[in-house]
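Heads up: the structure comes next, in structure tokens.
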Amino acid sequence: MSTFYFGGKWSDELGLIVTRPMIRPTWQPETEFTAIIGRPRKSPYTKSYYENEKMTVRAVIADASQEKVREIYKTLRGYGHFVISTSQGEYMNAYCKLPVPEAQALLVAELPIEFTCEPFAYSTIPSDRGINDAVNYVEVENRGTVFVDPVIWYKPNKASTTFDCNGKTITVRTPQEIISANYADTYKITIDCEGELVYYTKPNNENVGCTELSTGPFPRLGVGTNYIKHDGVNEAQINYTARFF
């Protein structure tokens, strides 16, 4: 029997029985075609972004008591990790909606559950690698089928630090507070490549934004083997999660 996970619970915990096979969506960028005078065919243009995809799960309520229905409607709402048993080892970030009113759910035979899934499917096992000694290029393997925007954190030891990922560099100037603290290892700087943010973390775990101290493109890991290096740090690590179309 197929099951799904959302809101911290599996569907069978909620007393839901999935009645139809679940197949997760796939993603591809939309392509537009424009006619150009003098050419025999339209010219394609592929957009750089990916649309959300919708998925409807059909289920029946094994225990249609008011208490159980209320638990279902409390759990299956909002945004969270969405896992389906027919796609092992992956999760999606999704918005969940029950289009049938709660009172009506007590009477219907089948309950449609709508998920709006963001790109892409993610591996349930994240990857990380220490890159303390990456003064020369080190290999970072992306085993997914889609590029990944990683998170890099490091403890600086000079006024600015440069990271080179696949030949493209980003330089981050060290915040004055860290310099004044003699580059104490109780501070660290984080480069959030997906959010395109840079911030540093104080010894009390307070985060302070400093994106304005960065120049250059945020690192991106392509599919397969990537190469990264830096010009010296006290400590550094790259974290990423493989994802799939």
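Remark: D185 does not engage K155 in a salt bridge, criterion side-chain N to carboxylate O under 4.0 Å. Look at E177 and K202 and you find a salt bridge, because one of the NZ, NE, NH1 or NH2 atoms lies within 4.0 Å of a carboxylate O, short of that distance. Remark: E90 engages R24 in a salt bridge, criterion side-chain N to carboxylate O under 4.0 Å.
Counted by atom type alone, D128 and N239 present zero donor-acceptor pairs between their side chains at under 3.5 Å. A donor-acceptor pair shorter than 3.5 Å can be found between the side chains of E118 and Y79. The closest side-chain donor-acceptor pair between D164 and Y137 falls under 3.5 angstrom. For the residue pair T56 / E114, no side-chain donor-acceptor distance below 3.5 Å is found, with atom types taken as modelled.
A cation-pi contact, defined as under 6.0 Å to the ring centre and within 45° of the axis, links R243 to F147.
With contacts defined as side-chain heavy-atom distances shorter than 4.5 Å, the pair T171/T161 does not qualify. Counting only heavy atoms from C-beta outward, the side chains of D231 and K158 approach each other to under 4.5 Å. Counting heavy atoms from C-beta outward, F120 and F244 have side chains that stay 4.5 Å or more apart.
The stretch residues 6-17 participates, sequence neighbours left out, in these side chain to side chain donor-acceptor pair (under 3.5 Å) pairs: K9-E71.
Aromatic ring orientation, Y91 versus Y122: parallel (interplanar angle below 30°, classes split at 30° and 60°).
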What do the steps show when you test W153 against I191 for side chain to side chain contact (heavy atoms under 4.5 Å, CB included), and what is the final call?
CA-CA 6 Å; W153 66 260; I191 304 172; over 6 Å; no

Would you check, one step at a time, whether the test side-chain hydrogen bond (donor to acceptor under 3.5 Å, both in side chains) holds for N52 with T116?
CA-CA 6 Å; N52 294 341; T116 300; over 6 Å; no

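Counted within 6.0 Å of CD on E212, heavy atoms from surrounding residues, nucleotides or ligands total more than 12; the atom is thus considered enclosed.
Taking hydrophobic clusters as Ile, Leu, Val, Met, Phe, Trp and Tyr residues chained together by side-chain heavy-atom distances below 4.5 Å, I178 does not share a cluster with Y199. Residues I72 and F82 share a single hydrophobic cluster, defined by chaining ILVMFWY side chains whose heavy atoms lie under 4.5 Å apart.
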